[in-house]
There are 2 protein chains.
Amino acid sequence: MTYRSEADFLKQYNARDYDSPLVTVDVAIFTLHEGALQVLLVERGDFPHKGRWALPGGFIDIHSDDDLDACAHRKLKEKTGVAAPLLEQVCSKGNGLRDPRGWSVTALYMALIPHAPTADFVASVNDARWWPLDQLGGIELAFDHRSLIATARERLKNKTAYTVLPVHVLKRPFTLTQLQRAFEQLMDATLEKKSFRRRILNAEILEEVGEGIPEGGRGRPAALYQPATGSEQHLFARVFGEGL
Amino acid sequence: MTYRSEADFLKQYNARDYDSPLVTVDVAIFTLHEGALQVLLVERGDFPHKGRWALPGGFIDIHSDDDLDACAHRKLKEKTGVAAPLLEQVCSKGNGLRDPRGWSVTALYMALIPHAPTADFVASVNDARWWPLDQLGGIELAFDHRSLIATARERLKNKTAYTVLPVHVLKRPFTLTQLQRAFEQLMDATLEKKSFRRRILNAEILEEVGEGIPEGGRGRPAALYQPATGSEQHLFARVFGEGL
DNA sequence: CAAATAGTGTCTGTGAGACATTATCTA
DNA sequence: TAGATAATGTCTCACAGACACTATTTG
């Protein structure tokens, strides 16, 4: 069929005439707590995969979501109430098997927030909780979310090697030792103290905001820091750890 | 409504009952030719945006595409006949304005291939051609493809600084000088000869395959190289150029 | 020979890794 | 005082940048 104009064409076009994939947004929200990297999961209350644990997320609402990022922010806020933490797209995955309802695409995001008990921000019930990543082996996850979590975790590890991502999982202010622990846990590696401090301090991405008691209540007081404005997108020219 | 089982639920579920975004895959295919970075565009023959230039791409076919990557490979192959070049996902963008047909999401991929005249691989007509990136200012692009191209180009530039991506735009074998030019053009920067050669050769990602005449037909013959197997995913621990 | 291109020698500077040492707190 | 934690001093090594130099071809 041919049309005389774009307007003509659009007048008769109806998206529902075609088989289109389902489209969802899923958010892997990470935090650090008790020395472990944890991810926020919700227990599904409806079919499909009712009762299984899943990443916060779901269908795009084309009537209220301005764009993909806005949709991800909405999903994040619905579950945590947090407004503007680190939230970025990881990748998209789509195939005919990942959702029993049909061919589906999900835009996977990852978010980093300082730890808070779920009771503090989950409006509804106890259907959401933090899961340490190393305890996910024993539970049933919905859809391909085990794989999505692995993908997001991998990206997190990689980006930590050349950014300051870990500042987002710490409450402010923090000490350099706390920051180093955060780097180490997100990278799953051990870093050398002097190298770490040199790297961070030379980059001029932190500002000192006084002194505080050390972590264990014992020992020499530590300097407290918070990220300098604009520091979040600092990129290091060398990757850290596993160094060459 | 409640259902007794997952099977029950799925039996009544129909994706077409809901307003869902359109889903497309678009591929930014880059090459290097005559000293310029070029991207392959096709002239749209149908509404919407008939007559404008666009990235190769289009709707997912949920009946024939196994997954997003397969769909991207299909789009690439339809336009270039190339089977397995570098092809990777860049990001996804979705909003209500980018396509006049409605709220739409596109999964953006980028591909790198050695240059070949379009006549060599475009089955149909002269509806496809290579466009040097610096000549896109003067033409009308469909949808948000100008922005997509910019996003893919940015990713290309960034990844070139710590990978060997540029080997994919060269015919094999190639000289180190040709490879350096490719790096420089993809990064839009000038590199220092000795540093470049040291970096590449120390990484042991190339294998020497003889000698050839120099680029201009004059001067000392140059050693010829091709990528060693498994070299494609080599990651450098330091970014190149703009160095620190 | 000159011009053009390929390839090397070598010095400097930056920053990571290693690890020993000093500083400052509590019990 | 000892123990714990924070912070620094300093040596070595890898490698990027700079740039002068040598090597091998054609005309």
Side-chain angles (χ1 to χ4, degrees), chain A residues 35 160-164 166 170 173-184 187 189-226 234-244, chain B residues 35 160-164 166 170 173-184 187 189-226 234-244:
Chain A
T160 299
Y162 60 96
T163 63
V164 259
L170 295 178
F174 46 79
T175 69
L176 285 183
T177 300
Q178 289 168 335
L179 185 59
Q180 182 175 345
R181 295 288 164 267
F183 267 84
E184 290 176 335
M187 290 181 68
T190 300
L191 301 179
E192 208 284 322
K193 181 159 72 166
K194 188 64 197 290
S195 300
F196 179 79
R197 301 167 90 92
R198 200 171 33 207
R199 181 181 173 98
I200 297 294
L201 294 175
N202 282 353
E204 298 188 331
I205 49 186
L206 299 182
E207 43 183 59
E208 202 174 334
V209 290
E211 237 186 27
I213 54 170
E215 294 188 57
R218 280 226 281 267
R220 176 173 166 176
L224 297 173
Y225 295 88
Q226 65 184 18
H234 180 82
L235 295 180
F236 290 96
R238 303 192 191 180
V239 298
F240 203 26
E242 322 296 313
L244 296 200
Chain B
T160 299
Y162 60 96
T163 64
V164 258
L170 296 179
F174 46 80
T175 69
L176 286 183
T177 300
Q178 289 169 334
L179 185 60
Q180 182 175 344
R181 294 290 163 266
F183 268 83
E184 289 175 335
M187 289 181 68
T190 300
L191 299 179
E192 208 285 322
K193 181 162 68 166
K194 188 64 196 288
S195 300
F196 179 79
R197 300 167 91 92
R198 201 171 30 206
R199 181 182 173 97
I200 297 294
L201 294 175
N202 283 352
E204 298 189 331
I205 48 186
L206 298 184
E207 45 183 58
E208 201 173 337
V209 290
E211 238 186 27
I213 55 170
E215 293 188 58
R218 279 227 282 266
R220 174 173 169 179
L224 297 173
Y225 295 90
Q226 64 184 19
H234 180 83
L235 296 181
F236 290 97
R238 304 192 190 181
V239 298
F240 204 25
E242 324 296 313
L244 294 200

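So you know, we letter chains A, B, ... as the sequences are listed, proteins then strands, and number each from 1.
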Would you mind building the protein contact string for nucleotides 18-27 of chain D? One character per nucleotide, 5' to 3', B for base within reach (heavy atoms under 4.0 Å), S for sugar-phosphate only, - for untouched.
BB---BBBS-

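Rounded to an integer number of Å, the gap from CG of N202(A) to P of dA16(C) is 8 Å. The distance between atom CD of E184(A) and atom P of dG17(C), rounded to the nearest whole Å, is 12 Å. We find that CG of L201(B) is positioned 14 Å from P of dA6(C), with the value rounded to whole Å. In this structure, L191(A) places its CG atom 16 Å from C1' of dC19(C), rounding to the nearest Å. The separation between R181(B) atom CZ and dA4(C) atom P is 15 Å, rounded to whole Å. Summarising the geometry, the separation between CD on Q180(A) and P on dA16(C) is reported as 13 Å, rounded to the nearest angstrom. When rounded to the nearest whole Å, the span between CZ of F183(A) and C1' of dG17(C) equals 17 Å. The nearest whole Å value for the distance from the CG atom in L206(B) to the P atom in dG7(C) is 12 Å.
Take E211(B) and apply the side-chain hydrogen bond (donor to acceptor under 3.5 Å, both in side chains) test, not counting sequence neighbours, and it matches no residue. Remark: F196(B) engages F183(B) in a ring-ring contact (aromatic ring centres under 6.0 Å, His included) (not counting sequence neighbours). Every residue meeting the salt bridge (charged side-chain N to carboxylate O under 4.0 Å, His left out) condition with E184(A), not counting sequence neighbours, appears here in chain and number order: R181(A). Under the rule for a side-chain hydrogen bond (donor to acceptor under 3.5 Å, both in side chains), E208(A) has no partner lying at least two apart in sequence or in another chain. With sequence neighbours excluded, the residues satisfying side-chain contact (heavy atoms from CB on, under 4.5 Å) with A161(B) are M187(B), V239(B).
Among the heavy atoms of the strands lying under 4.0 Å from R197(A) is at least one base atom, whether or not backbone atoms are also near.
Counting all heavy atoms, side chain and backbone alike, I200(B) lies closest to I205(B) at O-CG1, 3.8 Å.
The nucleotide whose nearest atom lies closest to any side-chain atom of F240(B) is, among dG17(D), dA6(D), dA6(C), dG17(D).
Ranked by how close their nearest DNA chain C nucleotide is to the 5' end, F196(A) and A223(B) are led by A223(B).
No side-chain heavy atom of L179(B) sits under 4.5 Å from any side-chain heavy atom of V164(B).
Under 3.5 Å, the side chain of R238(B) and the base of dA14(D) form at least one donor-acceptor pair of N or O atoms.
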